[in-house]
Amino acid sequence: MNKSGTDIQFAICGSAGDGTIASGDIMKRAAAAMGFHVIAFDVYPPEIRGFGKCISRIRISSEQAYSLKEQSDVFVSLNDGHAIPHVGEVRDYGAVIYDDHLIAPVAEGGHISAHIRPAQIPYGLPIRQISEQATNAARSRNIVVLGYVAGLLDLPAEAFRKVIAQKFASKPAVVTESNIRAFDAGLEAGRGVFRYDDVAVGAAPTAADGEAVMMTGNGAIVRGFLEGGIQSYFGYPITPATSIMERLAVELPKAGGRFLQTEDEIAAISATIGAGFAGSRAATATSGPGLALMTEMMGLGVMAEVPAVVVCSQRGGPSTGLPTKTEQSDLNLAVHGGSGDAPRIVIAPTNVEGCYRCAGMAFEIAEKYQVPVVLLIDLYLSNRYETVFPSDKNVFAPKPREVPKVKEGEDYKRFVLTEDGISPRALPGDAGMMYTATGLEHNELGKPSDVLHMEMNAKRHHKLKSAVNYPGLTTSKRFGDMGKVDVGILGWGSTFGEILETMFEAQAEGISCSAMKVVMLSPLPEGELRAFFDDCKVVLVPELNYQGQFANLVSGAIGRPVVRLNRTIATPMPVAEILSEVRRLAAEVNEPVAAAAGGV
Amino acid sequence: MAEPHHHVIIGSGSAGFGAAKTLREGDPDCRITMFTMDAIPFYHRYRLPEVFRGRTDWRDLLAKPPSFYEENGITLRRRCRVVDVDGSAHVVSLAHQETVPFDSLLVAAGGRAYLPENLSGHAHLIHGFGSFEAAMRVYNDLPRGGRVVMIGGDMIGLDLLLTLLDTGYRVTLIVNAQTFWPHELTAEQRAPLLEALRGKGVDVIENARAVGISPQNGGAPARRVALDDGREIEGDVVMAFCGLATSVEFMLRAEVDIERGLLVSPELQTTNDAIWAAGDICQIWHDGEKAYKFYHGWKNVRVMGQLAARNILGAHEPFDVDVEDRIWVDEDGEIQSTFWTRKP
Ligand SMILES: Cc1cc2nc3c(=O)[nH]c(=O)nc-3n(C[C@H](O)[C@H](O)[C@H](O)COP(=O)(O)OP(=O)(O)OC[C@H]3O[C@@H](n4cnc5c(N)ncnc54)[C@H](O)[C@@H]3O)c2cc1C
């Protein structure tokens, strides 16, 4: 992407307590305020609490970008011990910024300058000294370097000053003032430097898409929930879903809703299903280990046809696994988890904007299909920041409910077998519409009975069929070359950003290539998938799990072979790896038959 | 397995670079670390005037691409200033507080422009030309067709001067004792050379000394140079080319003999067995003249770097201290020098 215009990635690395993430936060907000598109992802220490390494990476571009870049253009070290292993990620002729006045002696190799490759450009400055001179403390080193970068790259300083002022608005004024001083001191240092790097920042695009808002995937889900009319939230904290709960704890009561932190995940899903049964727009959020605990009650939701929304933000598994690392290995659990044939809707947005839209529509979908809806994301999407352009008016506002009508003298059949499988749903309290809701198989009235087990199973599956065409929801979409292509890349969830970037690069290399994202994982948009497979000589499925869970799902559903690319590397899928696989496949499908058969 | 020998080189100019390359060729297993204060890998300084011919991307001036260092196992430490060499512990200390041990040390730290005492108070008004950065500052500050007032005019300046004339700029040359340095000339020897410069359009000022420089705030041209005879010369940029002062200050604890430069034997070894020196920084013993002599110019310097490396690896080759020291005007009116070679 971004063949012209601005496309730079800024990375800052330090120790917990250095203000690394805060610095990255100011950078991303300032860039968004300048009008750039921003994608950002912060990496915290491997332990959930601790004093380990923090890295904030921010991609700033004039055109929409879809993933972080593998190489950063500007890299700042606030702690050489942590930063040294990462300095290699800076591209040739990119800038490496570091403190060249250490306070304690180090042995050979202990300073980052020993690790800067000859094509990278070193920018040493006395970061600590500048901070101390400007503010009487070393605390503002993270702000000094922001000023330095702004000066070096000639970025509009005012945008930073505004964000700094906003960030410290709740603190005494002296805090803002001293941070502005630190920023200005860094700015002056940066402006005076002769530049050898070739990092270019052009003018920001004119804001045609409305006002940009910086959001994480989790933040976008909260906003979508609130606009979608969430009324109840029950949750139990777990990385990386906790921030959804924390935000709703503040926002939901303000919006007139109910928030409850339960004693565990089983209680959370139970309360969510209970509230859904009672007609409340209810949600919970968890990660793989929590979803595993929730599956039994999800089954009740399926059987009793109760709407509920469950967010699952995946992390490395199984078990406690890698709590602070991303992975896509809960697909099986989300789609199939639980006892019996328990179809549910699983929606996996691929970017932050998608989180917002899918969360905004999730309650309506859950209510229409009377089933739990799982929003399946992952740590990389939960925590990554993107600029989103939400519409001014709330497009997800709940529509008035239609109360079912029952003919005089007839019983209300809560589970009546209809053509589309969807039965009119009454809520407790609707006059004359009492019914039994149970986890037992039941007849149309809801009374326990095994007579209609086959029909009820068919109903529960059949009713979801039309969800793949749900109006306003992108359940799948194809990108790149249309019609027949050599290589198709099929993906889901956060990895799709890397897939799109790969596709653009492959196209630029002349490879005939197309990419398709599947947002609805259950039910699968099988028609679209078949058409995609028909058009592609070979289909590659990159995903962040070991088993190829999505590849299995797709090939099981439509019976077509796929080429798998599975990685469990605790980081997002590297574009370079997908690209090399695409290159290999493109060469393979174009090989003359004789050569492919081993002939001469 | 024994640790590989660690050769440390201070300086990545012609001398340091030539030495690193020769060390690697001579010993594939050794460890080589080269320190420089530059931000970029080795480039030929004699090519700096080319910025006035539009070569403003530093990458075009590099002697070797950055990948060369990685491919040859040469650790190039840029923006690293050596502040101390402990000659008995064999440790180099860097300004940012890192210490690096060495088995052998080659000092090839060159020199910086020498500024006569009476002008040192005006240093901030004088443009340098010792690095790409400095060259670009001159290029950016000099309006098209503008005038450079050059004080001294050593051989480094001469090269720039000729390029400036060739690219449509104007030059005023205030002659002093260092004009045509490192060649030492009498007034008679200097006369035909100055005449050649006049013939090329240089405004040559003799018999007057620059005593002050003042800015013309906001006005053009930006500088005014006061002469001791009361005259004032205007220019857009003032530059001083008065020879070099060697960079030896970090060598005071190195247990080596220092005069104006580091004193070395014809084999380029200092008085410390583990330390050699090459390039603009060193004075080499001339047995015939019973004196230590400087040998400047990129060709001499490169030979020294290569020679020092071979000797570090065990050879015993002397530097040819009798290289000719001569400057003249050839039949085409061009100034030629035995030290100063135009093209590599
Ligand atoms: C503009 C210009 C034009 C020239 N034109 C010509 C020409 O046309 N023909 C010709 O023959 N010669 C020319 N020369 C001269 C020739 O280039 C020099 O003789 C040669 O550059 C000297 O090489 P050197 O390796 O000894 O030192 P330098 O090239 O000066 O390199 C010194 C190195 O030491 C490093 N250093 C210094 N102090 C420290 C420290 N404390 N810590 C770490 N590193 C340090 C510096 O950063 C640098 O890398 C020119 C020189 C200049 C500046």
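We name chains A, B, ... by the order of the sequence lines, and we start the count at 1 in each one.
- Chosen from B:Gln97, B:Arg79, B:Met136, B:Glu70, the residue pairing most often with chain A at heavy-atom distances under 4.5 Å is B:Gln97.
- A salt bridge is absent between B:Glu133 and A:Arg195; no separation between the charged side-chain nitrogens and carboxylate oxygens falls under 4.0 Å.
- A:Asp197 places a side-chain N or O within 3.5 Å of a backbone atom of A:Val199 that can act as its donor or acceptor partner.
- No donor-acceptor contact under 3.5 angstrom links the side chains of A:Arg141 and A:Ser131, judged on distance only.
- Using a cut-off of 4.0 Å between Lys/Arg side-chain N and Asp/Glu carboxylate O, B:Glu71 and B:Arg24 are scored as not salt-bridged.
- Contact annotation for A:Tyr93: only side-chain heavy atoms (C-beta onward) come within less than 4.5 Å of a heavy atom of chain B.
- Inspection of the B:His5 and B:Ser104 side chains reveals no N or O donor paired with an N or O acceptor under 3.5 Å.
- Highest contact tally toward chain B, considering only A:Ala119, A:Ala114, A:Gly124, is held by A:Ala114 [criterion: heavy-atom pairs under 4.5 Å].
- Proximity to chain A is limited to the side chain of B:Thr33, based on heavy atoms less than 4.5 angstrom apart.
- Neither the backbone nor the side chain of A:Asp92 has a heavy atom closer than 4.5 Å to any heavy atom of chain B.
- Considering only heavy-atom pairs separated by less than 4.5 Å from chain A, the leading option among B:Tyr69, B:Phe68, B:Phe132 is B:Phe132.
- Note: A:Ser113 leads A:Gly110, A:Pro126, A:Ser113, A:Gly109 in heavy-atom pairs under 4.5 Å with chain B.
- A donor-acceptor pair shorter than 3.5 Å can be found between the side chains of B:Thr36 and B:Ser12.
- Chain A forms more heavy-atom pairs under 4.5 Å with one residue of B:Cys80, B:Pro66, B:Ala39 than with any other, namely B:Pro66.
- In this structure, the portion of B:Arg137 lying under 4.5 Å from any heavy atom of chain A is its side chain and not its backbone.
- Of the possible donor and acceptor atoms, one in the side chain of B:His122 sits under 3.5 Å from a partner among the backbone N and O of B:Ile213.
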